[in-house]
There are 2 protein chains.
Amino acid sequence: MDHLHRCQLCAVRKLAVCGAMSDEQLNRLNEIAHYKKYAAGQTIISSDQPVTLFANIVSGTIKLTKVTVDGREQIVGLLFASDFLGRTFGRTNRYFAMAATDVELCIFPSDAFERLIATFPDLKQCLFERTLDDLDAARDWMLLLGRKSAAERVASFLLLLACRFARSPQQAGAQFDMPLKRADMADYLGLTVETVSRQMTRLKATGIIEIKGTRGIKLFSMARLADAAGQSPGD
Amino acid sequence: MDHLHRCQLCAVRKLAVCGAMSDEQLNRLNEIAHYKKYAAGQTIISSDQPVTLFANIVSGTIKLTKVTVDGREQIVGLLFASDFLGRTFGRTNRYFAMAATDVELCIFPSDAFERLIATFPDLKQCLFERTLDDLDAARDWMLLLGRKSAAERVASFLLLLACRFARSPQQAGAQFDMPLKRADMADYLGLTVETVSRQMTRLKATGIIEIKGTRGIKLFSMARLADAAGQSPGD
DNA sequence: GACGAGGTTTGATCCAGGTCAAGCCCGCTG
DNA sequence: CAGCGGGCTTGACCTGGATCAAACCTCGTC
């Protein structure tokens with residue numbers, strides 16, 4: 001079995017976990033799925049277009065963005081490996097989905113997928129729970145965008161990534177690769193590239209993080225980072 | 001039948017629409033419901049507390065807020081008459097719910113309500129759709145908080161209220177009562193009271209709105225307001 | 001009808017972060 | 001290995017909105 005096919009099966013299995021499906025159903029699911037790659041920067045879903053896909057992210061990072069009429073951009077969500085992408089119930093998209101890095105997707109055609117949801121209540125429940133998580137995340141971010149300083153925003157973002165990526169998030173010395181370039185960080189944090197860059201060097205200067213190349217991040221102290229982020233360590 | 005009881009029945013009916021219930025079930029629903037008033041400023045739900053209520057808003061405005069450790073506040077959602085309040089699936093609350101004006105609620109105890117959801121898939125679907133709407137609204141607001149100027153934020157907010165409250169939202173001359181005081185507007189828009197006040201007088205000066213007392217708002221031109229909000233009139 | 005207390009407006013000043021403009025770094029290609 | 005382009009950093013300057021400080025307005029209450 002080639003790599004491509006294995007990845008697809010893996011994504012299908014992951015999805016199937018929610019729905020408690022039989023082997024036969026799992027096979028049927030695998031039949032309708034297909035595997036696709038996107039290069040960094042490519043648009044996967046356009047705003048105001050009817051939704052035609054539902055996908056499981058195999059690898060890479062996807063940014064969900066909104067833009068004003070005059071072109072100012074805001075990232076309203078990030079999706080990483082193992083996250084789902086798509087809008088259920090035939091709604092048109094309210095944002096763009098773009099590959100922030102190279103991305104591999106396992107795609108389920110939307111009509112077949114909607115039928116699947118109708119058949120498996122557990123799957124629907126799973127999606128509901130995910131939506132509630134997304135809502136909580138969006139509201140957390142509203143506090144950040146509305147009330148936090150540039151320094152706190154950058155620290156909060158690093159903390160978010162650390163919790164998501166680092167193998168031992170509680171430990172000092174956690175490290176990971178920054179999945180976004182500076183411009184995307186700025187669009188996520190409601191800042192400019194220059195401010196993001198300055199805050200990163202400031203964090204480096206104060207000895208809270210180390211930066212290797214431009215993407216490698218090493219955290220010296222989780223507690224101090226949480227402190228800089230202006231939130232209790234538990235959040 | 002007294003006013004109080006009539007309001008409760010009305011709220012129960014509204015809820016029942018989603019679930020396509022029988023009369024007998026509707027009665028049972030009515031039995032578990034009770035009616036309660038909150039004065040402006042009162043806390044209805046505290047952050048990090050287990051959720052103990054699910055309610056239909058009969059009248060008034062509720063603000064959902066988050067606060068930083070040092071007390072900066074951000075409103076992450078507003079609820080008006082006929083909206084639902086509550087968190088399903090036994091999650092603890094991530095924010096405060098406070099009465100922004102005097103509020104009347106029709107409350108369903110959470111355990112009974114969760115059982116009800118389990119029984120009526122339509123009701124669950126209805127809540128799911130509402131959550132998706134909330135998520136869209138939150139993401140719209142992220143664009144506002146991250147990328148819009150003070151003038152655009154205030155205009156956007158007025159536009160939002162106009163669409164929700166004015167009897168003929170498309171027409172010029174639409175008018176409504178501002179449900180929030182300036183401090184709450186500031187907390188919703190990620191600004192300070194002073195800036196909100198200045199932008200309101202600016203909108204008045206440019207002849208886009210008229211302000212009667214401090215709460216009465218009259219819109220002279222929906223199109224110019226949408227323009228000031230930095231968005232296409234359709235949004 | 002004087003008196004507070006909360007809410008709102010207005011003015012003067014300040015500063016965090018935006019803007020503009022180089023320069024740097026690094027991988028890619030000819 | 002020179003030249004190029006995209007991304008990142010750094011510096012100098014500017015400005016929109018925050019901050020600080022009055023005044024003002026509108027009520028309910030004595």
Side-chain angles (χ1 to χ4, degrees), chain A residues 39-42 63 68 70-74 99-102 144-158 177-205 209-217 228 230, chain B residues 39-42 61 63 68 70-74 99-102 144-157 177-205 209-217 228 230:
Chain A
Q42 267 191 286
K63 55 176 177 172
T68 59
D70 58 344
R72 284 167 286 171
E73 190 168 327
Q74 176 68 42
T101 62
D102 290 348
L144 178 141
L145 292 172
R147 292 302 183 203
K148 288 193 179 178
S149 70
E152 289 171 322
R153 294 185 198 203
V154 173
S156 297
F157 180 54
L158 293 179
D177 269 353
M178 166 61 55
L180 302 185
K181 55 187 174 186
R182 297 289 184 268
D184 285 334
M185 289 179 65
D187 285 342
Y188 196 29
L189 298 170
L191 299 170
T192 58
V193 211
E194 293 93 330
T195 317
V196 170
S197 177
R198 276 186 250 272
Q199 294 303 332
M200 291 292 283
T201 53
R202 219 177 59 88
L203 282 172
K204 186 170 62 179
I209 64 170
E210 185 183 328
I211 305 176
K212 298 169 182 172
T214 59
R215 294 299 186 97
I217 306 286
Chain B
Q42 267 191 284
T61 302
K63 57 175 178 172
T68 59
D70 58 343
R72 284 167 286 171
E73 189 168 329
Q74 176 67 41
T101 63
D102 290 348
L144 177 141
L145 292 171
R147 292 302 184 203
K148 288 194 180 178
S149 70
E152 289 172 321
R153 292 182 200 204
V154 172
S156 297
F157 180 54
D177 269 353
M178 166 61 57
L180 301 185
K181 55 187 174 188
R182 297 289 183 268
D184 284 334
M185 289 179 65
D187 284 342
Y188 196 29
L189 298 171
L191 299 170
T192 58
V193 211
E194 294 93 328
T195 316
V196 170
S197 177
R198 277 186 248 272
Q199 294 303 331
M200 291 291 283
T201 53
R202 220 176 58 87
L203 281 172
K204 187 170 61 177
I209 65 169
E210 184 183 329
I211 305 177
K212 298 168 182 171
T214 59
R215 294 299 185 96
I217 305 286

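Each chain gets a letter, A, B and so on, in the order the sequences are listed, and its residues count up from 1.
A close approach under 4.0 Å does occur between a side-chain nitrogen or oxygen of A:Thr192 and OP1 or OP2 of C:dG18. The phosphate of C:dT9 (OP1 or OP2) has a side-chain N or O of B:Ser197 nearer than 4.0 angstrom.
For A:Arg198 against C:dT19, a side-chain-to-base donor-acceptor contact under 3.5 Å is present. You won't find any donor-acceptor pair under 3.5 Å spanning the side chain of A:Glu194 and the base of D:dC8, going by distance alone.
Between A:Arg72 atom CZ and D:dG16 atom P the separation is 13 Å, expressed in whole Å. Rounded to whole angstrom, the span from the CD1 atom of A:Ile211 across to the P atom of D:dC8 amounts to 11 Å. Following rounding to the nearest Å, A:Leu191 (CG) and C:dT19 (P) show an atom-to-atom distance of 11 Å. Distance A:Asp187 CG to D:dC8 C1': 15 Å, rounded to the nearest Å. With rounding to whole Å, A:Gln199 atom CD is found 14 Å from D:dT10 atom C1'. Atom CG in B:Leu180 sits about 10 Å away from atom P in C:dT8, given to the nearest Å. As rounded to whole Å, 16 Å separates atom P of C:dA5 from atom NZ of B:Lys181. Taking atom CZ of B:Arg215 as the reference point, atom P of D:dC25 lies 18 Å away to the nearest angstrom.
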Problem - Step-by-step side chain to side chain contact (heavy atoms under 4.5 Å, CB included) determination, A:Gln199 to A:Leu191 - result: CA-CA 11 Å; A:Gln199 294 303 332; A:Leu191 299 170; 5.7 Å; no
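Contact record, B:Met200 with B:Val154: SD-CG1, 3.7 Å, taken as the closest heavy-atom pair. Contact between A:Thr195 and A:Ala150 at its shortest, heavy atoms only, is CG2-CB, 3.8 Å.
Closest to the side chain of B:Thr201, out of C:dG7, D:dA18, C:dT9, is C:dT9. Ranking D:dT9, C:dT8, C:dG18 by closeness to the A:Arg182 side chain, first place goes to D:dT9.
Residue A:Arg202 qualifies as open at atom CZ: its count of foreign heavy atoms under 6.0 Å is 12 or below.
Backbone-only engagement by A:Gly190 is indicated by non-hydrogen atom pairs under 4.0 Å involving sugar-phosphate atoms exclusively.
Between B:Thr61 and B:Asp184 the shortest side-chain heavy-atom distance does not fall below 4.5 Å.
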